[in-house]
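On a predicted model such as this, the values are computed, not experimentally measured, just so you know.
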Protein chains: 2
Amino acid sequence: MSPESVAETLRNQGLKVTPRRLAAARLLFESGRAMTPEEVRERLRPALGRLGLPTTYRILDELAGTGLLTRVERDDRVLSYAACRAEPGRHHHHLVCTGCGRVEVVGCAFPASQRRDIERRTGFRVTGHRMQVEGLCGDCRRRGR
Amino acid sequence: MSPESVAETLRNQGLKVTPRRLAAARLLFESGRAMTPEEVRERLRPALGRLGLPTTYRILDELAGTGLLTRVERDDRVLSYAACRAEPGRHHHHLVCTGCGRVEVVGCAFPASQRRDIERRTGFRVTGHRMQVEGLCGDCRRRGR
DNA sequence: GGATAGATAGAAGTGATTTCTATCTATCAT
DNA sequence: ATGATAGATAGAAATCACTTCTATCTATCC
Ligand SMILES: [Mn+2]
Ligand SMILES: [Mn+2]
Ligand SMILES: [Zn+2]
Ligand SMILES: [Zn+2]
């Protein structure tokens with residue numbers, strides 16, 4: 001993801017293009033890994049000088065709102081964020097490496113037939129689902145994590 | 001779920017059978033809905049007299065550990081718990097009514113073929129997934145929520 | 001180069017969840 | 001039944017992720 005397309009996405013959402021927003025997006029796109037707000041802040045501080053924690057939280061939340069980032073769930077319920085490379089507007093999920101936090105986009109693995117089956121059995125109308133796939137990336141597998 | 005089988009599950013896990021644990025399990029099995037720890041506490045207090053908040057959190061966490069309860073995720077990230085009626089040890093997910101919080105068990109809707117597809121495309125070894133299906137139950141649909 | 005709406009830093013606040021510790025009780029062995 | 005003991009509980013206090021507040025800045029548009 002180039003700085004230009006990040007800037008374009010920000011403008012499209014009515015958000016100003018600021019050094020902090022660009023730096024946060026760049027960090028997550030270049031690393032490809034999920035990070036907590038605290039970790040993002042620590043990594044950006046050397047380059048940015050100052051970066052408030054509330055600003056870090058707000059920026060990550062806004063970038064997730066645009067679809068540039070995604071929230072990643074962890075067992076300890078600490079929130080983290082990762083870059084999302086999915087085509088805009090296309091339904092998808094995320095595959096997270098439990099070893100290193102690397103995040104990839106995957107297509108939806110919840111077939112319509114399953115959905116209809118659930119509706120028939122339960123009497124519910126199914127309106128959505130949240131899903132996150134977990135695994136070990138090639139690197140982590142080789143390293144034996 | 002009878003008090004006897006709850007007690008048996010507790011004993012099997014090396015947990016003592018206490019009035020508070022039985023009451024929490026009973027409340028959630030009888031209501032069929034997801035509740036926050038705070039809500040569980042408020043509802044149990046009239047019958048139990050005193051019930052500490054740390055005790056409430058710990059009991060819900062322990063009961064979820066045995067599989068009697070499941071954690072339910074919400075968009076606001078507030079944690080809640082619901083009874084789980086799945087056969088022990090069988091992989092499954094939960095369907096949550098966004099209107100009233102009613103929770104049902106559903107079979108896994110993530111086919112092995114999809115998993116292999118993901119592994120081939122990404123080079124990851126897929127080790128698990130977290131999923132929660134959302135919808136509107138028959139009652140809530142009729143009520144027009 | 002202003003004007004202005006939006007962005008940011010830092011301090012303070014919030015609220016869910018956990019820790020701590022003294023007291024209690026379910027369980028098991030007399 | 002009674003006593004011993006490991007585990008459970010209440011209440012107070014602490015923790016900590018996250019948010020709010022407000023004065024100061026700055027990206028953007030003229
Ligand atoms: Mn995404
Ligand atoms: Mn379950
Ligand atoms: Zn990895
Ligand atoms: Zn409902």
Side-chain angles (χ1 to χ4, degrees), chain A residues 3-4 6-27 34-66 68-69 71-81, chain B residues 3-4 6-27 34-66 68-69 71-81:
Chain A
E4 302 321 320
V6 171
E8 191 188 335
T9 302
L10 289 173
R11 282 190 210 98
N12 289 343
Q13 306 285 324
L15 297 170
K16 288 183 177 170
V17 179
T18 70
R20 263 137 251 264
R21 286 174 175 156
L22 291 174
R26 185 178 175 195
L27 170 66
M35 297 184 199
T36 63
E38 194 63 63
E39 186 177 358
V40 168
R41 185 183 185 216
E42 289 311 316
R43 291 192 179 231
L44 292 182
R45 277 174 109 158
L48 290 176
R50 296 199 290 188
L51 174 60
L53 192 52
T55 301
T56 311
Y57 275 93
R58 191 175 24 73
I59 284 179
L60 292 172
D61 185 55
E62 289 160 346
L63 291 175
T66 70
L68 286 168
L69 304 184
R71 290 180 182 80
V72 173
E73 308 275 343
R74 303 196 317 195
D75 282 335
D76 64 6
R77 291 181 43 81
V78 171
L79 188 57
S80 61
Y81 290 85
Chain B
E4 274 63 36
V6 171
E8 190 188 335
T9 302
L10 290 173
R11 282 190 210 99
N12 289 343
Q13 305 284 326
L15 297 171
K16 288 181 178 173
V17 180
T18 69
R20 264 136 249 266
R21 285 173 176 158
L22 291 174
R26 186 178 173 195
L27 170 67
M35 298 183 198
T36 63
E38 194 64 63
E39 186 176 357
V40 168
R41 186 182 184 217
E42 289 311 316
R43 291 191 177 231
L44 292 182
R45 278 174 106 158
L48 288 176
R50 297 197 290 188
L51 174 60
L53 192 52
T55 301
T56 311
Y57 275 90
R58 191 175 25 71
I59 283 179
L60 292 172
D61 185 57
E62 289 160 347
L63 291 177
T66 70
L68 286 168
L69 304 185
R71 289 179 182 81
V72 173
E73 309 275 341
R74 303 196 316 197
D75 281 334
D76 64 4
R77 292 182 44 81
V78 171
L79 186 58
S80 60
Y81 290 85

Qualifying residue for side chain to side chain contact (heavy atoms under 4.5 Å, CB included) with A:Arg41, from A:Thr55, A:Thr36, A:Leu53, A:Ile59: A:Leu53
Interatomic distance, B:Leu63 CG vs D:dT9 P [rounded to whole Å]: 10 Å
Distance test, side-chain N/O of B:Thr18 to OP1/OP2 of C:dT25, below 4.0 Å: no
D:dA8 OP1/OP2 closer than 4.0 Å to side-chain N/O of B:Arg58: no
Rounded interatomic separation in angstrom, taking CG from A:Leu51 and P from C:dA11: 15 Å
Nearest-nucleotide 5' precedence on DNA chain C, B:Leu79 against A:Lys16: A:Lys16
Nucleotide nearest B:Pro19 (side chain, heavy atoms from C-beta), chosen from C:dA26, D:dT19, C:dT8: C:dA26
Gap between atoms CG and P, on A:Leu48 and D:dC25 respectively (whole Å): 18 Å
Close side-chain approach of A:Glu73 and B:Glu73, heavy atoms under 4.5 Å: yes
Nearest-Å distance for atom pair CG/P, residues B:Asp61 and C:dT17: 11 Å
Protein-nucleotide distance (A:Ile59, atom CD1; D:dC18, atom P), rounded to Å: 16 Å
Closest nucleotide among D:dT19, D:dA8, D:dT28 to the A:Val17 side chain: D:dT28
A:Arg77 side-chain proximity, nearest of D:dA8, C:dT8, C:dT17: C:dT17
Whichever of A:Glu62 and A:Arg41 has its nearest DNA chain C nucleotide further upstream toward 5': A:Glu62
Interatomic distance, A:Arg74 CZ vs D:dC16 P [rounded to whole Å]: 15 Å
Length of the CG-C1' vector between B:Leu60 and C:dT18, whole Å: 14 Å
Note, A:Met35 side chain near A:Leu27 side chain (heavy atom, < 4.5 Å): yes
D:dG11 OP1/OP2 closer than 4.0 Å to side-chain N/O of B:Arg50: yes
Min side-chain heavy-atom separation A:Val17-A:Glu8 under 4.5 Å: no
Spacing between A:Leu53 atom CG and C:dG10 atom P, to the nearest angstrom: 11 Å
Proximal nucleotide (of C:dA7, D:dC18, C:dT17) relative to the B:Tyr57 side chain: C:dT17
Under 3.5 Å: donor-acceptor pair, side chain of A:Arg45, backbone of A:Leu51: no
Nucleotide nearest A:Pro54 (side chain, heavy atoms from C-beta), chosen from C:dT8, D:dT19, D:dA27: D:dT19
N/O (side chain, A:Arg20) to phosphate O (OP1/OP2, C:dA7) under 4.0 Å: no
